[in-house]
There are 2 protein chains.
Amino acid sequence: MQKIHNLSKNQKIIFDLIDKSGGPMKAYSILFNVQKKGIKAPLQVYRALDKLVEIGKIHKIESRNAFIACQNSSCQVSKATAFSICESCENVSEISNSKLSKYLSNFSDNSGMKYSKYNLEFFGLCKKCKSK
Amino acid sequence: MQKIHNLSKNQKIIFDLIDKSGGPMKAYSILFNVQKKGIKAPLQVYRALDKLVEIGKIHKIESRNAFIACQNSSCQVSKATAFSICESCENVSEISNSKLSKYLSNFSDNSGMKYSKYNLEFFGLCKKCKSK
DNA sequence: TAACAGTATGTAATAATATAACATTTACAA
DNA sequence: TTGTAAATGTTATATTATTACATACTGTTA
Ligand SMILES: [Zn+2]
Ligand SMILES: [Zn+2]
Ligand SMILES: [Zn+2]
Ligand SMILES: [Zn+2]
């Protein structure tokens, strides 16, 4: 049973923008794009982003300081994320591979640490960029 | 056969500082600490950090915007990194687990993408923080 | 309904992280 | 010694993110 999150006005504006863009967006680029909708300040953007990340509607691509809509319908909370990133064209996609996620979710070592969350970023060249 | 990198003056000062600290350090904290050694500007720090990352002497903890000395003697180039991060005390350690690194280095999916690099960050509570 | 708590918003200022541009110097091999 | 790559120094600026404070909205319960 999972909680339904009704997005607030600003959250919805910002989620829709990121979702429609189809790729990662940076916070100040988001800000620029939503100013005509009345969102004027960085903090308004960051607050919405924080919430959207918290509920798993978007993820932060840490190596790029950018935010992407969740492409994995089962990813309700951002506790186990994996991305592939093309170092040439900067295309990003969310990897949804159940073997990988099982392997990582069950990973443990002898450090005595209990892992509750992970983020994995793969880098390389995408199909298009490889063939250039 | 691997290339020996002789660190330059600034690179050595900054690597030694990070290495001795035993944990992740942020760029401006590094700057503050090396000002007495004549390194006065952010760019001097970032240039040394870039080089040290490139040759694998340090790694960037992306989720924390911080830099840590490589704790894995065999990690000459930063192409395959994994860390465990305590969300309470912010302790970070580099995971060196050959099964994990083999699994990730060999990972491929049907995206047609060839992965040449990855970075994985695990989050949780360390032993000490768990028992509090 | 009224009171309350939790969440969201608005606004200004500022902090923290990182890079651009340009001039100069050093290391080192051909 | 001369060419070249790497490193340094310096100033300014760009980019990313948070603090602080005031106000408003949403839903629950007395
Ligand atoms: Zn997702
Ligand atoms: Zn590409
Ligand atoms: Zn390492
Ligand atoms: Zn801890």
Side-chain angles (χ1 to χ4, degrees), chain A residues 3-18 21 23-68 77-78 87 90 92 119 121, chain B residues 3-18 21 23-68 77-78 87 90 92 119 121:
Chain A
K3 186 166 176 200
I4 304 294
H5 290 280
N6 295 307
L7 300 185
S8 74
K9 176 173 143 280
N10 288 1
Q11 288 159 16
K12 185 160 181 3
I13 290 170
I14 286 171
F15 174 73
D16 286 346
L17 175 68
I18 299 172
S21 87
M25 290 193 77
K26 308 201 127 208
Y28 277 71
S29 153
I30 293 168
L31 175 58
F32 178 81
N33 278 275
V34 298
Q35 276 176 330
K36 54 194 171 240
K37 304 223 173 185
I39 297 176
K40 293 175 198 155
L43 188 50
Q44 294 174 288
V45 173
Y46 281 104
R47 283 197 285 224
L49 290 173
D50 285 351
K51 187 68 185 183
L52 291 167
V53 165
E54 185 193 325
I55 65 181
K57 299 281 287 181
I58 65 172
H59 305 300
K60 183 171 187 183
I61 309 299
E62 293 286 358
S63 66
R64 299 298 187 261
N65 296 320
F67 300 85
I68 192 167
V77 177
S78 311
E87 291 187 294
E90 294 294 326
V92 174
N119 179 55
E121 298 181 1
Chain B
K3 186 165 176 199
I4 303 296
H5 290 280
N6 295 305
L7 300 184
S8 72
K9 177 173 142 281
N10 288 1
Q11 289 159 15
K12 185 158 182 3
I13 290 169
I14 287 172
F15 174 73
D16 286 347
L17 175 68
I18 299 172
S21 89
M25 290 194 77
K26 307 200 130 210
Y28 277 71
S29 153
I30 293 168
L31 175 58
F32 178 80
N33 277 277
V34 297
Q35 276 176 334
K36 54 192 171 243
K37 304 223 174 187
I39 297 176
K40 294 174 195 157
L43 190 49
Q44 295 175 287
V45 172
Y46 281 105
R47 284 197 285 224
L49 291 173
D50 285 350
K51 186 69 184 185
L52 291 167
V53 165
E54 186 192 323
I55 64 180
K57 298 282 288 180
I58 65 173
H59 305 299
K60 183 171 187 182
I61 309 299
E62 293 286 358
S63 66
R64 299 300 187 259
N65 296 320
F67 300 85
I68 193 169
V77 177
S78 312
E87 290 186 297
E90 293 295 326
V92 174
N119 179 55
E121 298 181 2

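For clarity, every value in this text was computed on a predicted model and none was experimentally measured.
Reading DNA chain C from its 5' end, the first and the last nucleotide to sit under 4.0 Å from a heavy atom of chain A are C/dA8 to C/dA12. From the 5' end on, the contacts that DNA chain D makes with chain B at under 4.0 Å to a non-hydrogen atom open and close at D/dA7 to D/dT11.
By the side chain to side chain contact (heavy atoms under 4.5 Å, CB included) test, B/Leu43 pairs with B/Arg47, sequence neighbours left out. Taking A/Ser21 as the reference, nothing meets the side-chain hydrogen bond (donor to acceptor under 3.5 Å, both in side chains) condition, with sequence neighbours excluded. In terms of the salt bridge (Lys or Arg N to Asp or Glu O under 4.0 Å) criterion, A/Lys9 has no residue partners (sequence neighbours excluded). Remark: A/Gln11 pairs with A/Ser8 by the side-chain hydrogen bond (donor to acceptor under 3.5 Å, both in side chains) rule, at least two apart or across chains. Annotation: salt bridge (Lys or Arg N to Asp or Glu O under 4.0 Å) contacts of A/Asp50 (sequence neighbours excluded): none. Every residue meeting the side chain to side chain contact (heavy atoms under 4.5 Å, CB included) condition with A/Phe32, not counting sequence neighbours, appears here in chain and number order: A/Gln35. Annotation: side chain to side chain contact (heavy atoms under 4.5 Å, CB included) contacts of B/Glu87 (sequence neighbours excluded): A/Ser116, A/Lys117, B/Arg64, B/Phe123.
Interatomic distance, CG of B/Leu17 versus CD1 of B/Ile39, reported as 9.0 Å (0.5 Å rounding).
Using a 4.5 Å heavy-atom cutoff, the side chains of B/Leu7 and B/Ile14 are not in contact. Taking 4.5 Å as the limit, every side-chain heavy atom of A/Asn10 sits out of range of all side-chain heavy atoms of A/Val34.
Sorted by first then second residue, the salt bridge (charged side-chain N to carboxylate O under 4.0 Å, His left out) pairs that include residues 25-39 of chain A, not counting sequence neighbours, number zero.
Exactly one of A/Val53, A/Leu52, A/Ile61 qualifies for a side-chain contact (heavy atoms from CB on, under 4.5 Å) with A/Phe67. That residue is A/Val53.
Listed in residue order, the members of residues 24-46 of chain A having a heavy atom less than 4.0 Å from DNA chain C are A/Lys40, A/Ala41, A/Leu43, A/Gln44.
At the heavy-atom level, A/Lys12 lies nowhere under 4.0 Å from the strands shown.
Rounded to 10°, the helix from C/dT1-D/dA30 to C/dA30-D/dT1 has 30° between the axis fitted to its first five pairs and the one fitted to its last five.
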